[in-house]
Amino acid sequence: MFLINCPYCGERDQQEFKAGGEAHIERPKQPTELSDDQWAEYLFMRKNIKGVQFERWNHAHGCRKWFNMARDTSNDEIKAIYKMGEKPPPQ
Amino acid sequence: MTKNLRVKSSEFIDETSRISFKFDGKTYYGFKGDTLASALLASNVHLIGRSFKYHRPRGIMTSGSEEPNAIVQVNPNSNITEPNARATEIEIYEGLEATSQNCWPSVNFDIGGINNFLAPFLPAGFYYKTFMWPKSFWKKYEFFIRHSAGLGKSPTKRDPDIYDHRNIHCDVLVVGAGISGILAAKNAAKNNYKTLLIDEKNELGGSTIFETNENKKINNTFSSEWLKKEISEVKNIKNLEIKTRTSVAAYHQYNYLLARENLTDHLEKKDKKNKIRQRLLKIRAKKVILATGALERPLVFNNNDRPGIMLSSAVKKYIDFYGVACGKKNIFFTNNDSAYESALSLHNKGIKVDAIIDIRENSNAKIIKKVNEAGIKIYWSHTIVDTSGYKRLSDISIMKLSNDGMSVIGSKTSISCDCLGIAGGWTPAVHLYTQSGNKLTFDEDRNIFVPKADNSEQICVGSCSGDFELDEIIKNLSNKLKNFLNISQTDFEDISLENDKETSKRNIWLLPSDKPTGKTKPFVDYQNDATAKDIKLALREGFRSIEHVKRYTTTGMGTDQGKLGNMHALGIIADTAGVKMGELGTTTFRPPYTPLTFGTIVGRNVGEFFDTFRRTPMNDWHIKNKAEFENVGQWKRAWYYPINDETMHQAVQRESKAARKSAGILDASTLGKIDIQGSDASEFLNRVYTNAWSKLAIGKCRYGLMLNEDGMVFDDGVTTRLGENHYIMTTTTGGASNVLSKLEDYLQTEWPELDVYLTSVTDHFATASLCGPNSKKILNKIIPELDLSDENFPHMSFKEVTVDKIKCRIMRISFTGEQSYEINAPASFGEAVWEKCIEAGKEFDITPYGTETMHLLRAEKGFIIVGQDTDGTMTPIDLQMDWIVSKKKYDFIGKRSLYRSDTMKENRKQLVGLLTEDPNIVLEEGAQIVSELNQKPIEMLGHVTSSYFSPNLNKSIALAVVKDGKNMMGKKLFIPMENKNIGVTISNTIFYDEENKSINAKL
Ligand SMILES: [Zn+2]
């Protein structure tokens, strides 16, 4: 059970949060211009890294804000937490 | 006849309070402070149960939670019975009853014991190999296997006990209250760390508390005496909370630990009453100190499992702590010096020790001299090659070991004995450490896995870190604490220490016998009956990974998770396969460390507290009017309102007719409601719904369909424009929170530039949905001043009105096809408005109807229910709802996916209507649909999603999804059921009032 430092509320138990999959996947601005393959890339393709992975998390039972997390999937170490729209920290 | 083997009053046993208890129906006596195991041993009872596979007689092996054999059923045949409890952990109390497990008809005569003689035919993987063929017989085999196997019996009645959960936050958590844990907790608490100290036993002090070894002294007194003073100090430190009888079950990441605190299991029945039995502690600690100690290893030799064969450390604890001798003729078998301490403990209390068999060639430890002086014979370089005695050990046979330890030489000597203490060295109890996600490293020299590295949030101290000797434990503990707690000194760094040094070592994982391994039974995992022979067989059959060998042989898969034998299994694999143990790694230790009751896990969340219920403001009215309720998500919704002894079918048929003939009223308060405001609200709706919203006039309502980005239908509902920048969206009852989450997600992460604010107002409004041709008349009675003409208040529009000073929002929308008004009142006035409608509707026989009738009425009209007629694979096109998908809008969620090759392909399943050939047959929802009955394999074309008997049409109707259904109008298909095939015809989805005439019934 993680201890997550919500950028708006501070440290809270993982129970209050919801994981939202891979971060930094931007919804295409002009979906109609995309081929099926390009659209499928956005829609379905997700990384599953052993190591540092960038993820979206939502403080669902708190401030309800979305934010990003850099997490090492091999040991669940949370390397960094940063707000939506911010760049991931250098590794 | 029971002989009393209680030899000396112990300070830990209160001999003034005698306790009677029953084991296997017979009454025994013990004292306050005894465990079931110590009290039975005092009565010379060793035989406790039968082993899992071979049903071999088994006795008490240990004195703690690692016990593999002595597991019992506590309080059998009662509603508080508990299976698989360890006799070594159960504290006796007046009235306790326990029975043996895994034996029938009794532990002394067990029919399954025949398996022991069949053992050559029951090797590892036997079940996998034998019973998988022929495949169709598995069900029959399984029946017999399940009936002859199994450990305890689970209770069949409701658990009457109370359980609880507690969250604890602390600076330092210390697990284990042996000497290391006590000193760690004391120094943490004294340095202003809020500290919690936990131990699974009922007393503090671990094995040091009963230590009287003259070769282990602190400040020139027995280590036990010194520790007792420390403990009395520790008990009075303010900053320190101590929890005994508390077992840490799991150690998760970020120092989150779960522990079970046992509060009443040791009490008499009358004292247990109305008290919490067990409490689950959910601990979040800033720092964790693991002082979990070490477990003694057995030795693996032929027939090493007979009752009377025990760990040497257990023999020592029973005599020194409980004052109980485990036998009259005692022998020890060892590969290290610790057995000599146990032997002296017995000798000093006048119990005869006949011999010590030591596989080493010699030892220079001081204690050897004392044993020699006591006249105990030591057999150096010897091993036990066999034992005898069926229900109790009677003899052992020993032989000299060859120099390489691989075989035995010389002649065989037999010695009689009734108790054999075996000492195979120590295994650090690193279970919790590895659960936390940290890695182990193998110490080749000492054949142990030790924690790889400490960090700033967690350390291991004492013997669980691999420090076994008193001086190294104390010295390393002091240094570790200074660093970990950031303190300049500890209060024990200057104590003087005296202890023996172990110099001689010899380790043989599988001890040789004069018989070939194939003819012996050297048990590695006692609980699951896995022998060294099974492990070797697995290796011969090609298994290499330790995880595979474990599963094939079931080694380590019992309720004790192989705490005693795992290291031997690894050692034997390494030796046989010729690899290094460090390279093999270990199997994963999983939570819980010791079994937990389900009661502890669920805590207070039982019965009506199992899940949260949500009730509407009109709930009391529904109850008063005898509604039956249905769970919809967390909501309790009125399902139907039976009159007198109506069945559900009768009630629903009556309600459905009334709603179309005159008037009905439905509590629709559970629909999700989201208040949407902001200058970009219209643009936002354009992006999330499939249809266009910009041109919706203020005061008008519109139905909307929401998709996932993959084009599949996600939710639907009516949204009303209340003002220029103000909308109220309704969602399905079950989808409300998901819709809000999804909308928030898009707003925050994809379109942060939009000026839109979302607020869930589901609970703020109560909704009464008035429907039927007389609904307008009823509403007119309630609000006479409102012009209800179709010109002023047409279908799909909204009015804000006051009903007796209650501000209400009325939407003229319909989910039944009838003229219909949804009256939204502030929640606290919901029941009042509802009752007003009922009162005004009396002259029209207004009929309250529930969710079942609502479903039926909408099915007559072919309206979908998201989640019933859709399942996450249906696009609006599949639903034949092309009309709601805007062609003009550049983009909306899911649009691009609607023309992916897969969503556009022919032959997708589409929503259609179904009519049965026999109008009286109502189809089963979920039933499969086929076109050919004789085809093999039969092709499933789709399934029934909604099905009802329509009283308004007087026939059975159904909705279904069918492959290419769109192009099969009028086609005959079949629904194969267990007993018959039902003929059906594909139809339009709208069964009733296709022209929508009922929407505008005349006043
Ligand atoms: Zn937050």
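Throughout, a chain's letter reflects where its sequence line sits, starting with A, and its residues are numbered from 1. Note that this is a predicted model, so its numbers are computed, not measured. Only this structure's heavy atoms are used, side chains among them; waters, hydrogens and symmetry mates stay out.
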Partner of B/D171 by salt bridge (charged side-chain N to carboxylate O under 4.0 Å, His left out), out of B/K194, B/K287, B/K286, B/R284: B/K286

Before accepting this row, confirm whether a basic side-chain N of the pair [X]/[Y] lies closer than 4.0 Å to the acidic partner's carboxylate O.
X: B/D745; Y: B/K742; value: no
X: B/E753; Y: B/R687; value: yes
X: B/D763; Y: B/K673; value: no
X: A/R56; Y: A/E22; value: no

Intermediate values then yes/no, ring-ring contact (aromatic ring centres under 6.0 Å, His included), B/Y746 and B/W751: CA-CA 6 Å; B/Y746 275 87; B/W751 310 319; 5.0 Å; yes

Which atoms of [X] approach chain B - backbone, side chain, both or neither, heavy atom under 4.5 Å:
X: A/K18; value: side chain
X: A/I25; value: backbone
X: A/L3; value: both
X: A/W66; value: both

Pairs of heavy atoms under 4.5 Å with chain A: top-ranked of B/R900, B/H252, B/K895: B/R900

Region of B/F892 that comes under 4.5 Å of a non-hydrogen atom in chain A: backbone

Proximal component of B/D710, with respect to chain A [non-hydrogen, under 4.5 Å]: both

Chain B interface, residue from A/Q30, A/M1, A/Q14, A/K65 that has the most non-hydrogen pairs under 4.5 Å: A/M1

Close contacts, residues 74-84 of chain A versus chain B, judged by heavy atoms under 4.5 Å: A/D76, A/E77, A/I78, A/M84

Take atom [atom1] of [X] as the centre, draw a 6.0 Å sphere, and report whether it contains more than 12 heavy atoms from other residues, nucleotides or ligands.
X: B/F610; atom1: CZ; answer: no
X: A/E11; atom1: CD; answer: yes
X: B/F613; atom1: CZ; answer: yes

Plane angle bin for B/W693 and B/Y689 - parallel if under 30°, tilted between 30 and 60°, otherwise perpendicular: parallel

